[in-house]
Asks: 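Following this message is one structure expressed as structure tokens.
The sequence lines fix the lettering, A, B, ..., with proteins before strands; numbering per chain opens at 1.
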There are 2 protein chains.
Amino acid sequence: MEEKLKQHIQKLVPLTDHEFVKVLSYFSFENYGKKDFLIRQGEKVNHCYFIVSGLLKLVLVDQDGKEHIISFAMEDWWESDFSAYFMQTNASMALQTIEPTSVYALPLENYHALSSAFPKMQCFFLMKSNLGHIASQNRIVSFLTSDAKGRYEQLLKTHPALFQRVPKTLLASYLGVSRETLSRLSS
Amino acid sequence: MEEKLKQHIQKLVPLTDHEFVKVLSYFSFENYGKKDFLIRQGEKVNHCYFIVSGLLKLVLVDQDGKEHIISFAMEDWWESDFSAYFMQTNASMALQTIEPTSVYALPLENYHALSSAFPKMQCFFLMKSNLGHIASQNRIVSFLTSDAKGRYEQLLKTHPALFQRVPKTLLASYLGVSRETLSRLSS
DNA sequence: TTATAATTGTGATGTATGTCACACTTGAAC
DNA sequence: GTTCAAGTGTGACATACATCACAATTATAA
């Protein structure tokens, strides 16, 4: 499981075993069961997470009590309420497991310490952030250019595994359509 | 106009005058008229841009020839087709001026050179990227949680100036609704 | 100025999608 | 196994929004 994080970082920046051991010391390893909260809406956000295994949802509950899925987070992803994490404000969304999940957690102080101690890691975080920004923009594009059916088909193509692992209600919420409409699209 | 960039950077990282002069040398200053293209869909993307003055649209034309506005870019913003810029692929969207515009352009080689020569600048880019990621995620949230009217009112609250500077057709395209619907919302 | 294009408002109508209701199935807990 | 909750499909109906059409107004250029 250390290997997972090591290989993940090494895909973008070279890192000796010795360096990695030091890098790893900035993180803490944590295990969660099903439906556990890593972040609760309205509370402080102390960590961002690298997901070793499992599956989570980044979710926002609106005034009407309706749940909206901003993102699913799976193996090899980084997730948090990044706005609340970086700005040190209260979480506007929750991060909750769908399946039992193992993560490496990185406190904000350590994020900064790690970035200054290892320029390579700052470079790594920069690349990750750029990729995250691009991914979000693609999602915006899919809202602008596609209707429910188009977005459904894109998701089916890019993340077929999700349709096995996640209840349709959650997929519908991620796509921005009602459960019923999604059901009709897939039949 | 150098001042604009200097103050913008100094809002996030401290920089001596001497350092800034060196930083500035990585950029080239460019002027554009109305409706000029900085990036054309399908072509290589060589620069990202800091906007000193003016107004642009980041826009995608789909198969049906319909135009979708991913983003407006105004003074003090950074813009590009970041996916194409970083991955060195062809642009999936165009960047075009709405008003006459002045920018500082940064070639990708210089982006990397600047980041290694000035750790502070890498830190700056990291913060900017994080903020960009967060902004995109907020836009996604607005698509998930709000209908056309809600998104219209949010935009009116956060960027009232746009309603003076930009034709309603473009605002509609940004909001993901038809021109006619936007017209009815505002009356 | 005059001519032409760009921008905007508004009615009539079609369609995609949401909402409510209910039944059926599947899986989890005791 | 029995029980209960979670997940799913589908009909009937309501509604938000798109599309098409046209007129009116405002910029832009010759």
Side-chain angles (χ1 to χ4, degrees), chain A residues 32-36 55-57 59-69 72 96-100 140 142-156 160-187, chain B residues 32-37 54-57 59-69 72 96-100 140 142-156 160-187:
Chain A
Y32 293 91
K34 211 171 169 174
K35 298 200 178 180
D36 284 354
L55 182 61
L56 308 99
K57 58 182 178 181
V59 73
L60 182 153
V61 178
D62 67 20
Q63 301 94 338
D64 309 336
K66 213 167 150 185
E67 167 169 306
H68 304 276
I69 304 232
F72 293 109
Q96 186 183 15
T97 62
I98 297 174
E99 300 172 2
I140 291 172
S142 82
F143 275 110
L144 288 175
T145 61
S146 308
D147 58 7
K149 187 166 195 172
R151 297 201 297 281
Y152 165 78
E153 280 160 2
Q154 274 181 254
L155 184 63
L156 193 57
L162 278 182
F163 288 76
Q164 314 310 323
R165 293 171 78 177
V166 174
K168 302 294 165 62
T169 310
L170 295 185
L171 287 180
S173 162
Y174 175 84
L175 289 170
V177 295
S178 68
R179 183 187 68 74
E180 294 89 336
T181 297
L182 178 61
S183 171
R184 287 174 179 118
L185 286 176
S186 42
S187 58
Chain B
Y32 293 92
K34 211 171 170 175
K35 299 201 177 177
D36 285 355
F37 284 91
L55 181 61
L56 308 98
K57 58 182 178 180
V59 73
L60 181 153
V61 178
D62 67 19
Q63 302 93 337
D64 309 336
K66 214 166 149 185
E67 166 169 308
H68 304 277
I69 303 231
F72 294 109
Q96 186 183 15
T97 61
I98 296 173
E99 302 172 359
I140 292 171
S142 82
F143 275 110
L144 289 175
T145 61
S146 308
D147 58 6
K149 187 166 194 172
R151 296 201 298 281
Y152 165 78
E153 280 160 1
Q154 275 181 255
L155 185 62
L156 193 57
L162 278 182
F163 287 76
Q164 314 311 323
R165 293 172 79 177
V166 175
K168 302 294 165 61
T169 310
L170 295 185
L171 287 179
S173 162
Y174 175 84
L175 290 169
V177 295
S178 68
R179 184 187 69 75
E180 294 90 335
T181 297
L182 177 61
S183 170
R184 291 187 242 268
L185 286 176
S186 41
S187 58

Asks: To the nearest 0.5 angstrom, please state how far the CG atom of B:Leu175 sits from the CG atom of A:Leu144.
Replies: 9.5 Å
Asks: Can a donor-acceptor pair under 3.5 Å be found between the side-chain atoms of B:Arg184 and the base atoms of C:dG11?
Replies: yes
Asks: Tell me the closest heavy-atom pair linking B:Phe163 and B:Lys168, and the distance in Å.
Replies: O-CE, 4.1 Å
Asks: C:dT19, OP1 or OP2 - any side-chain N/O from A:Lys66 closer than 4.0 Å?
Replies: yes
Asks: What is the separation between atom NZ on A:Lys168 and atom C1' on C:dT26, rounded to the nearest whole Å?
Replies: 13 Å
Asks: Take atom CG of A:Leu175 and atom C1' of C:dT17, then tell me their distance rounded to the nearest Å.
Replies: 13 Å
Asks: Rounded to the Å, how far apart are A:Gln164 CD and C:dT26 P?
Replies: 16 Å
Asks: For B:Leu185 and D:dA18, give me the distance from atom CG to atom P, rounded to whole Å.
Replies: 9 Å
Asks: Tell me whether the side-chain N or O atoms of A:Arg179 pair up with the base of C:dG18 as donor and acceptor below 3.5 Å, since no angle test is needed here.
Replies: no
Asks: If I compare all heavy atoms of B:Ser173 with all of B:His68, which pair ends up nearest, and what's the gap?
Replies: OG-CA, 3.3 Å
Asks: Please state how far atom CD1 in B:Ile98 lies from atom P in C:dT7, giving the value in whole angstrom units.
Replies: 10 Å
Asks: To the nearest 10°, let me know how far the axis at one end of the helix from C:dT1-D:dA30 to C:dC30-D:dG1 is tilted from the axis at the other, five pairs an end.
Replies: 60°
Asks: Verify side-chain contact (heavy atoms from CB on, under 4.5 Å) between B:Glu67 and B:Leu170, making sure each step is shown before the conclusion.
Replies: CA-CA 9 Å; B:Glu67 166 169 308; B:Leu170 295 185; 3.3 Å; yes
Asks: Output the single nucleotide from D:dT8, D:dC17, C:dT10 whose closest atom is nearest the side chain of B:Glu180.
Replies: C:dT10
Asks: Within the structure shown, what part of the strands sits under 4.0 Å from A:Gly176 by heavy-atom distance: base, sugar-phosphate, or nothing?
Replies: sugar-phosphate
Asks: Using the side-chain heavy atoms of A:Val177, tell me which of these nucleotides is nearest: D:dT8, C:dG18, D:dG9.
Replies: C:dG18
Asks: May I ask you to say what A:Lys34 touches in the nucleic acid, namely base, sugar-phosphate or nothing, with a heavy-atom cut-off under 4.0 Å?
Replies: nothing
Asks: Using whole Å, what does the distance between atom C1' of nucleotide D:dA16 and atom NZ of B:Lys149 come to?
Replies: 12 Å
Asks: Counting any heavy atom closer than 4.0 Å, what does B:Ser178 reach on the DNA or RNA strands: base, sugar-phosphate only, or nothing?
Replies: base
Asks: Please report the distance, rounded to the nearest Å, between NE2 in B:His68 and P in D:dA18.
Replies: 12 Å
Asks: Check B:Ala148 against B:Val177 and note the closest heavy-atom contact, atom names and distance.
Replies: CB-CG1, 3.2 Å
Asks: Do B:Tyr174 and B:Leu162 pass the side-chain contact (heavy atoms from CB on, under 4.5 Å) test, and can you show the C-alpha distance, the side-chain angles, and the key distance before you say yes or no?
Replies: CA-CA 11 Å; B:Tyr174 175 84; B:Leu162 278 182; 5.9 Å; no
Asks: Please tell me if the side chains of B:Phe72 and B:Ile98 come closer than 4.5 Å, counting only heavy atoms from C-beta onward.
Replies: yes
Asks: A:Thr181 side chain N/O closer than 4.0 Å to the phosphate oxygens (OP1, OP2) of C:dG18?
Replies: yes
Asks: For the pair made of CG in B:Leu171 and C1' in C:dT7, what is the distance, rounded to whole Å?
Replies: 12 Å
